[in-house]
Amino acid sequence: MKSLLLLLLAFCQTVFGTIWELTDKNFEKKAFGQQGMYSFVYIYSPYCNYCNEMTPQFAALADLYDDTKLQLFQINGYANKRVSKKYEVVGFPVLKIFSSDGTDMGSYTGVRGTQNFIDYIHEVTGVTPSFPDSYVKQPTSEELEDIIKDTKRDILVAFSQPWLRGWEFPYTNFYESLARYYAEDLDDSLTTFVRIDVSDAKNAEIVSKFQVSKTPSVFHFASYREHYDQTHKLFKEDLGPVEIVQLLEGAEDLVTESIRLSTLSDSRHKDVEESGEADNSFEEYAQLREL
């Protein structure tokens, strides 16, 4: 396996689509003129905190609109005063859709999330994204049991919620991108990435079995482990690709605890019998999902 540093460097430099950077000099020439094409333009300022928060959500669109009738552009509105003045930009960020003849079709003012952008683009232009194949499995409880029984594989089981920063959009979040990188760039067929949405009631049995109370949490089932259900758990509020790769490479100092699922299950049943109360945490997650 590549060293951690080289792997992460390559991963961070991987580009899955194209977003063109525009200036005052080439804005109209690049953004307009291609018959039948629409342009979704992000006007930003490098000094805008809202822009810094939104940029990853916009960047996630790049891989979804290749070979469609939508082009993606961005322009530094702080540095390119002419374009900002032309479109009466008084604050950042600004997202606008244009037709091929330069007609301003409107500005997006809703929630700044990838899925929200996709919905708006479709509403205004009718263009739909081309979703890539996912390299992250989302199994049922029975399917997950079969997956972890394969002791020759490295298996990561991540528990998250769709509103967690960095985990929002399932097709292009860092976990999906990392799974794709392992499969395509490293040609690694022995590492399996699994994701469980704890806010989805259908995953209640899995959440209960793993006794997940905080997210994001990741369980690593190392290859050639002695017991198939032997796993290392990692919980970290700002969990990212660095920690995932370190976990795969055996960084024991990151591990929150080492456990066996069968022991967890036996302990949970004993506690329920003694207290006479059932674990209803998954119901709370499901209620949150409906809000």
Side-chain angles (χ1 to χ4, degrees), residues 11-132 162-174 176-177 238 240-241:
F11 168 69
C12 292
Q13 291 177 338
T14 301
V15 177
F16 297 119
T18 303
I19 297 177
W20 300 99
E21 185 77 26
L22 302 178
T23 67
D24 276 345
K25 293 182 179 180
N26 66 8
F27 184 85
E28 287 81 5
K29 181 179 180 180
K30 294 290 186 179
F32 312 143
Q34 294 195 45
Q35 189 67 31
M37 297 293 290
Y38 299 96
S39 297
F40 193 38
V41 180
Y42 169 31
I43 306 174
Y44 69 94
S45 166
Y47 309 107
C48 165
N49 290 332
Y50 295 116
C51 298
N52 294 334
E53 292 177 359
M54 194 194 78
T55 294
Q57 303 295 324
F58 181 77
L61 298 173
D63 193 39
L64 305 178
Y65 287 95
D66 279 350
D67 301 320
T68 70
K69 293 185 177 182
L70 184 81
Q71 305 172 99
L72 297 167
F73 299 98
Q74 61 185 30
I75 181 170
N76 182 341
Y78 181 84
N80 295 279
K81 307 293 186 184
R82 183 185 69 81
V83 169
S84 290
K85 183 178 180 180
K86 179 178 180 179
Y87 294 105
E88 301 179 344
V89 175
V90 295
F92 303 99
V94 172
L95 290 165
K96 301 184 75 65
I97 292 182
F98 298 93
S99 64
S100 60
D101 63 3
T103 299
D104 185 344
M105 302 179 70
S107 299
Y108 178 75
T109 58
V111 176
R112 296 164 182 159
T114 305
Q115 185 60 58
N116 305 94
F117 300 155
I118 290 171
D119 295 340
Y120 176 71
I121 291 168
H122 184 262
E123 178 184 342
V124 175
T125 69
V127 177
T128 57
S130 178
F131 292 114
W163 55 81
L164 291 179
R165 184 178 179 84
W167 297 84
E168 300 97 327
F169 193 60
Y171 293 96
T172 55
N173 63 43
F174 82 84
E176 175 67 51
S177 298
D238 57 347

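Here the structure is a predicted model, which means the values were calculated and not measured.
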Let me see the working for Tyr42 and Thr55 under side-chain hydrogen bond (donor to acceptor under 3.5 Å, both in side chains), right down to the final yes or no. CA-CA 9 Å; Tyr42 169 31; Thr55 294; 3.0 Å; yes
- Task: Ignoring hydrogens and angles, tell me if any N or O in the side chain of Glu168 forms a donor-acceptor pair with the backbone of Trp163 under 3.5 Å.
- Result: no
_Between Glu53 and Asn49, do the side chains contain a donor N or O and an acceptor N or O under 3.5 Å apart?_
no
- [ ] Please determine if Arg82 forms a cation-pi arrangement with Phe27, meaning its NZ or CZ atom is less than 6.0 Å from the six-membered ring centre and no more than 45° off the ring axis.
- [x] no
Requested in this report: Determine, using ring centers only, whether Phe40 and Phe73 are less than 6.0 Å apart.
Outcome: no
**Asked** Do Glu176 and Pro170 come within less than 4.5 Å of each other through their side chains, counting heavy atoms only?
**Response** no
Query - Pair Tyr38-Met105, side-chain contact (heavy atoms from CB on, under 4.5 Å): steps then yes or no - result: CA-CA 10 Å; Tyr38 299 96; Met105 302 179 70; 3.6 Å; yes
### Message
Could you tell me if the side chain of Tyr87 sits less than 4.5 Å from the side chain of Val94, heavy atoms only?
### Response
no
message = Could you check, using the six-membered ring where one of them is a Trp, whether Phe92 and Tyr44 have ring centers closer than 6.0 angstrom?
response = no
Practice item. Could you please spell out the steps behind the side-chain hydrogen bond (donor to acceptor under 3.5 Å, both in side chains) verdict for Gln57 and Thr114? Key: CA-CA 5 Å; Gln57 303 295 324; Thr114 305; 3.1 Å; yes
Enclosure of Lys81 NZ (heavy-atom neighbours >12, cutoff 6.0 Å)
yes
Check: Between the main-chain N or O of Pro46 and the side-chain N or O of Asn76, is there a donor-acceptor pair closer than 3.5 Å?
Finding: no
Under 3.5 Å donor-acceptor, Thr103 side chain and Ser99 backbone: no
Rounded to the nearest 0.5 Å, the CG atom of Asp238 sits from the CG atom of Leu164 at a distance of 12.0 Å
CG of Asp67 to OG of Ser130, rounded to nearest 0.5 Å, is 7.5 Å
(request) Step through it carefully: locate the ring centre of Phe117, locate the ring centre of Tyr108, and say whether they are under 6.0 Å apart. (result) yes
dist Ile97:CD1 -> Glu123:CD (nearest 0.5 Å) comes out at 9.0 Å
Using a cut-off of 6.0 Å, state whether more than 12 heavy atoms not belonging to Gln35 lie near its atom CD.
no
When rounded to the nearest 0.5 Å, the distance separating NZ of Lys69 from OG1 of Thr128 is 11.0 Å
| message | Taking Gly77's backbone N and O only, do any of them form a donor-acceptor pair with Asn80's side chain (distance below 3.5 Å, no angle check)? | response | no
**Request:** In sequence, state the C-alpha distance, the side-chain angles, and the governing distance for Thr23 and Ile75, and then conclude on side-chain contact (heavy atoms from CB on, under 4.5 Å).
**Result:** CA-CA 6 Å; Thr23 67; Ile75 181 170; 5.5 Å; no
message = With a 4.5 Å cut-off on side-chain heavy atoms, are Pro93 and Met54 touching?
response = yes
One should read off an interatomic distance between Lys96 NZ and Ile43 CD1, to the nearest 0.5 angstrom, of 6.5 Å
**Side chain to side chain, Leu61 and Phe169, heavy atoms closer than 4.5 Å** = no
- How about Ser39 and Leu72: do any of their side-chain heavy atoms sit closer than 4.5 Å? no
The reported gap from CD in Gln71 to CD1 in Ile19 (rounded to nearest 0.5 angstrom) is 12.5 Å
Check: Is it the case that more than 12 heavy atoms not belonging to Lys30 sit under 6.0 Å from its NZ atom?
Finding: no
ask   = Are Pro129 and Thr68 side-chain neighbours, meaning at least one heavy-atom pair lies under 4.5 Å?
value = no
Give a yes or no answer on whether the side chain of Ser84 reaches the backbone of Val89 with a donor-acceptor pair at less than 3.5 Å. no
request  = Could you tell me whether the side chain of Phe58 reaches within less than 4.5 Å of the side chain of Arg112, counting heavy atoms only?
outcome  = no
Crowding at CZ, Phe32 (>12 non-hydrogen neighbours, <6.0 Å):
yes
Any idea how Tyr171 and Phe131 line up, ring-wise: parallel (<30°), tilted (30 to 60°), or perpendicular (>60°)? parallel
Quiz prompt | Within 6.0 Å of NZ in Lys86, more than 12 heavy atoms from elsewhere | solution = yes
